A.B. asks: 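Sharing a structure here in structure tokens format.
Owing to the predicted nature of the structure, the values given are computational and were not obtained by experimental measurement. One-based numbering along the sequence shown.
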Amino acid sequence: MKSPVPDQTPSDGEEGEDRTPLLQRAPRAETAPVCCSARYNLAFLAFFGFFVLYSLRVNLSVALVDMVDSNTTAAENRTVNECAEHAAPIKVLHNRTGKKYRWDAETQGWILGSFFYGYIITQIPAGYVASRSGGKLLLGFGILGTSVFTLFTPLAADFGVGALVALRALEGLGEGVTFPAMHAMWSSWAPPLERSKLLSISYAGAQLGTVVSLPLSGIICFYMNWTYVFYLFGIVGIIWFILWIWLVSDTPETHKTISPYEKEYILSSLRNQLSSQKSVPWTPMLKSLALWAIVVAHFSYNWTFYTLLTLLPTYMKEVLRFNIQENGFLSAVPYLGCWLCMILSGQAADNLRAKWNFSTLCVRRVFSLIGMIGPAVFLVAAGFIGCDYSLAVAFLTISTTLGGFCSSGFSINHLDIAPSTLLENGKLFSALPLLSTYLVPFSSHCSPKVKYKTGLLGITVDTETEGTNK
């Protein structure tokens, strides 16, 4: 049976070659089998890697709620109209053996935001290193380092705020290398017509890690104490590292168990996409409107995403007044929707391109539009619902879920416009979320006193300077 996409020269029109170069140049009518394939094994191991990565990133957001003495911030956060208590008393006693710290809202902001100060430092160097030495070891040791540092979180908290802030910044250094390293690996592994599926699978692990770690952290804090949150996820990260080093290779050529048919399929599909040029054409890149569109999209989406990811548990506690157990579950609901959307949108995007002959340009634009406008609408709507608990959770869930469409939109569009330059050299893409992640800490502690309000993004941070008489 012939492929639904004919093997012919590019079609006429101004987009021609740029639209979807693979669709016209696919060397085979049938792809290599998916079952037990090396490229999908890589995708699933990457999936669990990003699962661990985001578990390590967000566990503090829930644990911090239980680490802080509630009396410390009680007076501060009563300065605005707040939602009434609504949760029924829980019969199971909350384990309170974990040590409590008297950290005010500003201190908590520094602790939550410190991760991103380390995160922004290693992204550009990571792209450079991955393009020359491969992403396997870089990604593996990045997650291993973060896992080991996570194990020392309780000890750092006992030493003081400075030690904890420094430790979280070191964790950010480790996690900063992961996305550039993974993109460098996919430049050698992802056949173009499977690109959306493979990348959506691998990066969907981040959403599932958030979905699992938020409620699990809440349960651990409630029935045990907060220190076990860091011990559990740190150990899981070390186990993943062992499997990653054992089973993964940087390229199909160096993989020990890949079938000859699959290797040839991957290499032939990428042959016309990757070049041997190692220098970065900075001037054409800086003049590229398409590239700047990707930069702006990443900036906008990541700032919103990471701010919500970091502060949502605090919003659930201080505004909606959910206890630690409910907090973890309800904070995870939006990311469950996003995870499902990422998986399904990846399948849909590749089917539209391969079977329905939609242009890559059309697919990326439509998915980006849904993934940006949809979340914006529901976040704005969240600012007008007051203390309606059901609507608050529903709007945040719909908003974050629709954001999953971006994983098959602008998020991988750089592979379409210049796979060789933006992946093999790696440096530019790693800088795309740079500014947005830098601004997240300021969202956490932009004033001496943080006032929590129901509103846009769940938490509105009062940027007015408080009086010095208090």
A.B. asks: Using the ring of each side chain (for Trp, its six-membered ring), is Y301 parallel, tilted or perpendicular to F305, with breaks at 30° and 60°?
C.D. replies: parallel

A.B. asks: Taking side chain as C-beta onward, heavy atoms only, is F115 less than 4.5 Å from E175?
C.D. replies: yes

A.B. asks: Kindly give the heavy-atom pair with the smallest separation between S200 and I343, and that separation in Å.
C.D. replies: O-CD1, 4.1 Å

A.B. asks: How close do P313 and L214 get, counting heavy atoms only, and between which atoms?
C.D. replies: CG-CD2, 4.2 Å

A.B. asks: Within a strict 4.5 Å, meaning less than it, do heavy atoms of the L270 and P192 side chains meet?
C.D. replies: yes

A.B. asks: Kindly determine whether Y335 and Y54 satisfy ring pair (Phe, Tyr, Trp, His ring centres under 6.0 Å), including the steps that lead there.
C.D. replies: CA-CA 11 Å; Y335 300 99; Y54 271 66; 8.7 Å; no

A.B. asks: Report yes if the distance between the aromatic ring centroids of W189 and H255 is under 6.0 Å, otherwise no.
C.D. replies: yes

A.B. asks: Show the nearest heavy-atom pair for residues V177 and A126, with the distance to one decimal.
C.D. replies: CA-CB, 3.5 Å

A.B. asks: Quick one: are W186 and L42 in side-chain contact, heavy atoms under 4.5 Å?
C.D. replies: yes

A.B. asks: Could you grab the distance from atom CZ of F230 to atom CD1 of I220, nearest 0.5 Å is fine?
C.D. replies: 10.0 Å

A.B. asks: Taking all heavy atoms of D388 and all of L391, pick out the closest pair and write down the distance.
C.D. replies: OD1-N, 3.1 Å

A.B. asks: Heavy-atom count check: over 12 atoms from other residues, nucleotides or ligands less than 6.0 Å from L289 CG?
C.D. replies: no

A.B. asks: Does some side-chain heavy atom of F329 sit less than 4.5 Å from a side-chain heavy atom of F322?
C.D. replies: no

A.B. asks: Taking V129's backbone N and O only, do any of them form a donor-acceptor pair with S133's side chain (distance below 3.5 Å, no angle check)?
C.D. replies: yes

A.B. asks: Which atom names give the shortest non-hydrogen contact between G409 and R364, and what distance separates them?
C.D. replies: O-CD, 3.5 Å

A.B. asks: Using a 3.5 Å distance criterion without hydrogens, assess whether the side chain of T122 forms a donor-acceptor pair with backbone atoms of L173.
C.D. replies: yes

A.B. asks: Can you tell me how far apart CG (L144) and CD1 (I239) are? Round to the nearest 0.5 Å.
C.D. replies: 12.0 Å

A.B. asks: From I294 CD1 over to W292 CH2, what is the distance, rounded to the nearest 0.5 angstrom?
C.D. replies: 12.0 Å

A.B. asks: Please lay out, stage by stage, how L396 and Y315 fare under the test side chain to side chain contact (heavy atoms under 4.5 Å, CB included).
C.D. replies: CA-CA 12 Å; L396 290 172; Y315 167 65; 3.8 Å; yes

A.B. asks: Is a side-chain donor or acceptor of S368 paired with a backbone partner of F410 at a separation under 3.5 angstrom?
C.D. replies: yes

A.B. asks: Rounded to the nearest 0.5 Å, how far does OG of S188 lie from CD of E253?
C.D. replies: 7.0 Å

A.B. asks: Any donor and acceptor pair, going by atom type alone, linking the side chain of D250 with main-chain N or O of G135 inside 3.5 Å?
C.D. replies: yes

A.B. asks: Please identify which of these residues, P252, S37, S249, meets the side chain to side chain contact (heavy atoms under 4.5 Å, CB included) condition with I258.
C.D. replies: P252

A.B. asks: Show, in sequence, the C-alpha distance, side-chain angles and deciding distance for W240 and I143, and conclude whether the side chain to side chain contact (heavy atoms under 4.5 Å, CB included) test is met.
C.D. replies: CA-CA 9 Å; W240 172 87; I143 296 181; 3.6 Å; yes

A.B. asks: Any donor and acceptor pair, going by atom type alone, linking the side chain of S411 with main-chain N or O of S408 inside 3.5 Å?
C.D. replies: no

A.B. asks: Please tell me if the side chains of F233 and S147 come closer than 4.5 Å, counting only heavy atoms from C-beta onward.
C.D. replies: no

A.B. asks: Does A206 offer a backbone N or O that forms a donor-acceptor pair with the side chain of T210 under 3.5 Å?
C.D. replies: yes

A.B. asks: So, does S300 use its side chain to make a donor-acceptor pair with the main chain of A297 at under 3.5 Å?
C.D. replies: no

A.B. asks: Determine whether L309 and Y306 satisfy the following criterion, side chain to side chain contact (heavy atoms under 4.5 Å, CB included), listing intermediate values before the conclusion.
C.D. replies: CA-CA 5 Å; L309 183 68; Y306 286 121; 4.1 Å; yes

A.B. asks: With no hydrogens and no angle check, do the side chains of E262 and Y40 hold a donor and an acceptor under 3.5 Å apart?
C.D. replies: no

A.B. asks: Apply the test side chain to side chain contact (heavy atoms under 4.5 Å, CB included) to residues R57 and Y119: give CA-CA distance (whole Å), side-chain angles for both, the deciding distance (0.1 Å), then the verdict.
C.D. replies: CA-CA 11 Å; R57 178 180 298 191; Y119 188 68; 3.1 Å; yes

A.B. asks: Would you kindly check if the NZ (Lys) or CZ (Arg) of R39 is within the cone defined by 45 degrees around the ring axis of Y265 and under 6.0 Å from the six-membered ring centre?
C.D. replies: no

A.B. asks: Salt bridge (charged side-chain N to carboxylate O under 4.0 Å, His left out) for E194 and K197? Distances and angles first, verdict last.
C.D. replies: CA-CA 5 Å; E194 298 181 14; K197 288 194 288 283; over 6 Å; no

A.B. asks: Please examine the side chains of I370 and F367, heavy atoms only from C-beta on, and report whether any two atoms are closer than 4.5 Å.
C.D. replies: no

A.B. asks: Would you say L137 and I245 make side-chain contact, with heavy atoms under 4.5 Å?
C.D. replies: yes

A.B. asks: Could you tell me which non-hydrogen atom of I235 sits nearest to which non-hydrogen atom of L151, and how far apart they are?
C.D. replies: N-CD2, 4.1 Å

A.B. asks: For the CZ atom of F378 and the CG atom of L402, what is their distance to the nearest 0.5 Å?
C.D. replies: 6.5 Å

A.B. asks: Measure from the side-chain N and O atoms of S399 to the backbone N and O of P375, and report whether any donor-acceptor pair falls under 3.5 Å.
C.D. replies: yes

A.B. asks: Answer whether the closest heavy-atom distance between the side chains of L216 and V62 falls below 4.5 Å.
C.D. replies: no

A.B. asks: Cut-off 3.5 Å, side chains only: do T150 and T153 have a donor facing an acceptor?
C.D. replies: no

A.B. asks: Using a 3.5 Å distance criterion without hydrogens, assess whether the side chain of W244 forms a donor-acceptor pair with backbone atoms of K136.
C.D. replies: yes

A.B. asks: For the CG atom of L53 and the OG1 atom of T178, what is their distance to the nearest 0.5 Å?
C.D. replies: 4.5 Å

A.B. asks: For F47 together with Y203, are the ring centres under 6.0 Å from each other?
C.D. replies: no

A.B. asks: Is it true that a side-chain atom of T400 and a backbone atom of T397 form a donor plus acceptor pair closer than 3.5 Å?
C.D. replies: no

A.B. asks: Run the ring-centre check on F50 versus F179 and record whether the distance is less than 6.0 Å.
C.D. replies: yes

